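Chain A is the first sequence line, chain B the second, and so forth, proteins listed ahead of strands; every chain is numbered from 1. Everything numeric in this text was worked out from a predicted model, so none of it was measured.
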Protein chains: 2
Amino acid sequence: MTDVILAGEPEARPRAQTEPEGGETPAFDVIELLFFAYRDFVRDPDEALDAYGFGRAHHRVLHFVDRNPGLRVTELLDILKITKQSLGRVLRELVDKGFVTQREGAADRRQRLLFVTERGDRLVKELHRLQTRRISRALGQCSAAERDAVRRFLFEIIDPQERAQVAELTGVEPPPARR
Amino acid sequence: MTDVILAGEPEARPRAQTEPEGGETPAFDVIELLFFAYRDFVRDPDEALDAYGFGRAHHRVLHFVDRNPGLRVTELLDILKITKQSLGRVLRELVDKGFVTQREGAADRRQRLLFVTERGDRLVKELHRLQTRRISRALGQCSAAERDAVRRFLFEIIDPQERAQVAELTGVEPPPARR
DNA sequence: AAATTACGTCAGTCATGTTGACTTAATTCG
DNA sequence: CGAATTAAGTCAACATGACTGACGTAATTT
């Protein structure tokens with residue numbers, strides 16, 4: 001099934017053939033671009049977080065708490081799509097080290113509403129700076145219309161049943177109805 | 001520093017203020033869209049791989065070996081940016097279960113050139129189908145020019161020193177020179 | 001002949017996720 | 001009011017995919 005090989009010349013190795021169309025043409029380029037882009041997109045923050053003994057999981061919590069002050073734990077679980085136990089460890093570390101605080105809900109005293117501290121705010125701002133630098137560089141090559149297209153593309157990659165939540169969180173346009 | 005709170009009404013919780021511009025405006029929307037888009041982008045394949053006892057790491061190896069038949073182990077390590085030990089386990093499992101084969105290099109007999117088997121080919125095609133379905137749905141909303149803008153954006157997110165390699169692998173345009 | 005390269009492997013560790021079971025306190029529902 | 005449910009936390013065990021460091025072997029290059 002694998003046809004031409006040319007084992008001896010790695011430089012001249014041919015790209016695998018696009019197979020004779022059983023269905024849709026595979027979007028190899030976009031699949032790979034998303035992999036490489038995401039890999040590098042999280043690299044800067046990952047390195048910065050290392051200095052605090054934190055990882056990517058801490059970054060996510062910091063980010064969403066910062067963006068949604070007073071977030072409830074249940075809401076955060078629903079955003080991150082991880083289990084309570086996974087979040088537990090990460091959240092405890094952030095609270096212990098003084099990057100996040102918890103406050104009892106005024107209306108419902110079972111709730112532990114989440115807020116970033118002054119210290120957490122400084123860290124999250126630095127992480128935003130790093131990621132924004134990369135994004136601005138990339139969007140800087142685009143017209144306003146193209147920037148919207150990029151946002152629309154990313155939004156459409158998301159599962160349909162999640163889009164309402166994401167639209168709410170990001171402020172990106174809610175779906176204009178579609179097939 | 002944290003100002004308005006309104007703890008009692010989670011529905012009415014305000015978005016955190018965009019701070020008074022120390023530098024660039026943080027690209028909160030794109031940061032979050034990339035997170036959610038990637039989370040869902042890898043979900044379908046992850047579920048499909050489960051049936052084989054494989055994970056995301058196996059997917060990546062299968063993908064790049066499929067796309068680049070005769071790939072050398074060293075090249076694969078450089079693409080994935082992981083260590084030899086990490087790759088080792090995953091690759092051994094793929095070989096043991098008959099999804100990938102290794103062939104001695106003709107010119108350099110130290111090399112173990114990698115190929116997907118018939119079986120590996122079937123699996124990787126199924127994974128491509130799942131991811132392509134999602135991508136086509138998203139790109140379907142775009143004009144040809146906008147699709148190029150999306151590819152360009154993703155390409156520009158990648159670290160500059162990695163772009164030549166990615167351009168080579170994906171066939172996406174090599175950088176047209178830029179600041 | 002010596003140095004380097006390609007590949008593999010052993011052993012231990014860490015970060016982040018998972019299940020399943022259970023507790024406590026507070027709220028809601030019948 | 002009492003029972004059921006909800007919000008949050010916790011214990012224990014485990015899986016995956018990464019890491020470091022140290023070695024070994026065969027083949028190639030210098």
At 4.0 Å (heavy atoms only), tell me whether A/R56 reaches a base, stays on the sugar-phosphate, or touches nothing. sugar-phosphate

Which whole-number value in Å describes the distance from A/L76 CG to D/dA7 P? 14 Å

Output yes when at least one side-chain N/O atom of B/H58 is less than 4.0 Å from OP1 or OP2 of D/dT16, else no. no

Here the distance between atom P of D/dA18 and atom NZ of B/K81, to the nearest Å, is 14 Å

Please determine if A/R60 forms a cation-pi arrangement with B/F35, meaning its NZ or CZ atom is less than 6.0 Å from the six-membered ring centre and no more than 45° off the ring axis. no

Please work out whether the ring planes of A/F28 and B/H128 are parallel, tilted or perpendicular, with thresholds of 30° and 60°. perpendicular

In whole angstroms, the gap separating P of D/dT20 from CG of B/L87 amounts to 15 Å

Are any protein N/O atoms closer than 3.5 Å to N/O atoms in nucleotides 3-10 of chain C? If there are, list each pair with its distance.
residue: C/dT5; atom: O2; partner: B/R110; partner atom: NH1; Å: 2.5
residue: C/dC7; atom: OP1; partner: B/R112; partner atom: N; Å: 3.4
residue: C/dC7; atom: OP2; partner: B/T74; partner atom: N; Å: 2.9
residue: C/dC7; atom: OP2; partner: B/T74; partner atom: OG1; Å: 2.1
residue: C/dC7; atom: N4; partner: B/K84; partner atom: NZ; Å: 3.2
residue: C/dG8; atom: OP1; partner: B/Q102; partner atom: NE2; Å: 2.8
residue: C/dG8; atom: N7; partner: B/K84; partner atom: NZ; Å: 3.2
residue: C/dG8; atom: O6; partner: B/K84; partner atom: NZ; Å: 2.5

d(CZ, A/F54; P, C/dC14) in whole Å: 17 Å

Would you indicate, yes or no, if D/dC19 has its OP1 or OP2 atom less than 4.0 angstrom from a side-chain nitrogen or oxygen of B/S86? yes

Quick one: do B/D40 and B/R43 satisfy salt bridge (Lys or Arg N to Asp or Glu O under 4.0 Å)? Show the steps, please. CA-CA 5 Å; B/D40 290 353; B/R43 187 177 293 174; 3.2 Å; yes

Protein-nucleotide distance (A/F35, atom CZ; D/dG17, atom C1'), rounded to Å: 13 Å

Salt bridge or not for A/D159 and A/R163, using N-O below 4.0 Å? no

Can you find a donor-acceptor N/O pair under 3.5 angstrom joining the side chain of B/R89 to the base of D/dA18? yes

Would B/R152 and A/E146 count as a salt bridge (Lys or Arg N to Asp or Glu O under 4.0 Å) here? Give the steps. CA-CA 10 Å; B/R152 220 178 322 121; A/E146 288 172 335; 3.6 Å; yes

Whole Å only: how far is the CG atom of B/D50 from the P atom of D/dT16? 9 Å

Check whether any side-chain nitrogen or oxygen of B/T83 sits under 4.0 Å from OP1 or OP2 of D/dA18, and answer yes or no. no

So, do A/F36 and B/F155 have ring centers that fall under 6.0 Å from each other? no

Rounded distance (Å) that lies between atom P of C/dA15 and atom CD1 of B/I82: 19 Å

Between B/R134 and B/F41, is NZ or CZ placed under 6.0 angstrom from the six-membered ring centre and within 45° of the ring axis? no

note: B/L94, atom CG; D/dT16, atom C1'; distance rounded to Å ~ 14 Å

